[in-house]
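Worksheet for the structure shown next.
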Amino acid sequence: DYLAIALADYQTLGNVARTADLHSELGRAYMLSGDLRMLDLNRALHHLHLSHDTLAPLGPSLELGRACFSLAQAHARVMRIPEAIEWANRSFDLGKQVHSPELSTQSQIVLGGLLSGAGQLDAGRSMLEDAWRSAVAHDLGPEADYCRYAGARSCVALKAPQAGQSWVD
């Protein structure tokens, strides 16, 4: 509730950047909350789209890239895979534009998993391998761990346990 109150206050003040940030925070809260009573993917998508739509006219930014990344995650959670792939691609492109190795690598990891799950195995594997190289090159430990997890998970889900094991060896 405190985020919704803060959102209303910043909207009244006309603070566009903070309004977009609070929409993004609310969207992530509705999508990722550990409190099952708060999980609401439709509300998450609503707030994440509002965040994106507020930031997009301001031009490329890390915040806009993160909004796209969150939209990719939310669309994946409601099984709208083509939309999730589109948002992950946008996030990846923005990560490159604003020179954020973290954002572009995180986007590649999500995109690799989505592509693999959508049956585009070679593209998914290639994206995950590129993400791994980027994580190692930029000393991104959490992203490297997440990449290994995503690579192993995609292989196991596709009934290729030996290939999955290769990601963790």
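Atoms considered below: every heavy atom in the structure, side chains included; atoms not considered: hydrogens, waters and symmetry mates. What you are looking at is a predicted structure, and each value in this text was computed from that prediction instead of being measured.
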Minimal non-hydrogen separation, Ile109 against Ala150, with atom names: CG2-CB, 3.7 Å
Taking the six-membered ring for Trp, are His75 and His49 ring centroids under 6.0 Å apart? yes
Distance-minimising heavy-atom pair for Met38 and Tyr30: O-CD2, 3.2 Å
Heavy atoms only: give me the nearest Pro60-Val98 pair and the separation to one decimal. C-CG1, 4.0 Å
Separation between OG (Ser91) and CD (Glu86), nearest 0.5 Å, reads 12.5 Å
With the side chain counted from C-beta on, respond yes when Leu64 and Ser61 share a heavy-atom pair under 4.5 Å apart, and no when they do not. yes
Might you point out which heavy atoms bring Leu128 and Gly112 nearest each other, and give the distance in Å? CG-CA, 3.9 Å
For a quick test of reading the model, state the closest non-hydrogen atom pair linking Ala84 to Ala76 and the distance between them. CB-N, 3.6 Å
Ile85-Leu103 co-clustered via ILVMFWY side chain contacts under 4.5 Å: yes
Got a second to check how far Arg80's CZ is from Leu41's CG, nearest 0.5 Å? 9.0 Å
How would you list, by chain and number, every residue that makes a salt bridge (Lys or Arg N to Asp or Glu O under 4.0 Å) with Arg28, sequence neighbours excluded? none
Residues Arg125, Asp122: salt bridge by 4.0 Å N-O rule: yes
d(Leu50 CG, Thr19 OG1) to nearest 0.5 Å is 10.5 Å
Just verifying a value: how many Å separate Gln108 CD and Trp132 CH2, rounded to the nearest 0.5 Å? 13.5 Å
Would you say the side chain of Val110 lies within less than 4.5 Å of the side chain of Phe69, judging by non-hydrogen atoms? yes
Run the salt bridge (Lys or Arg N to Asp or Glu O under 4.0 Å) test against Arg133 and tell me which residues pass, sequence neighbours left out. Asp130
Give the intermediate values and the outcome of side-chain contact (heavy atoms from CB on, under 4.5 Å) for residues Arg90 and His52. CA-CA 11 Å; Arg90 288 184 192 182; His52 171 269; 4.0 Å; yes
Can you tell me how far CE of Met127 sits from OG of Ser134, rounded to the nearest 0.5 angstrom? 11.5 Å
With Leu7, the side-chain contact (heavy atoms from CB on, under 4.5 Å) member among Thr12, Asp21, Leu22: Leu22
On a heavy-atom basis, which atom in Ala44 and which in Gly27 lie closest, and how many Å separate them? CB-O, 3.2 Å
For the CD atom of Gln73 and the CE atom of Met31, what is their distance to the nearest 0.5 Å? 4.5 Å
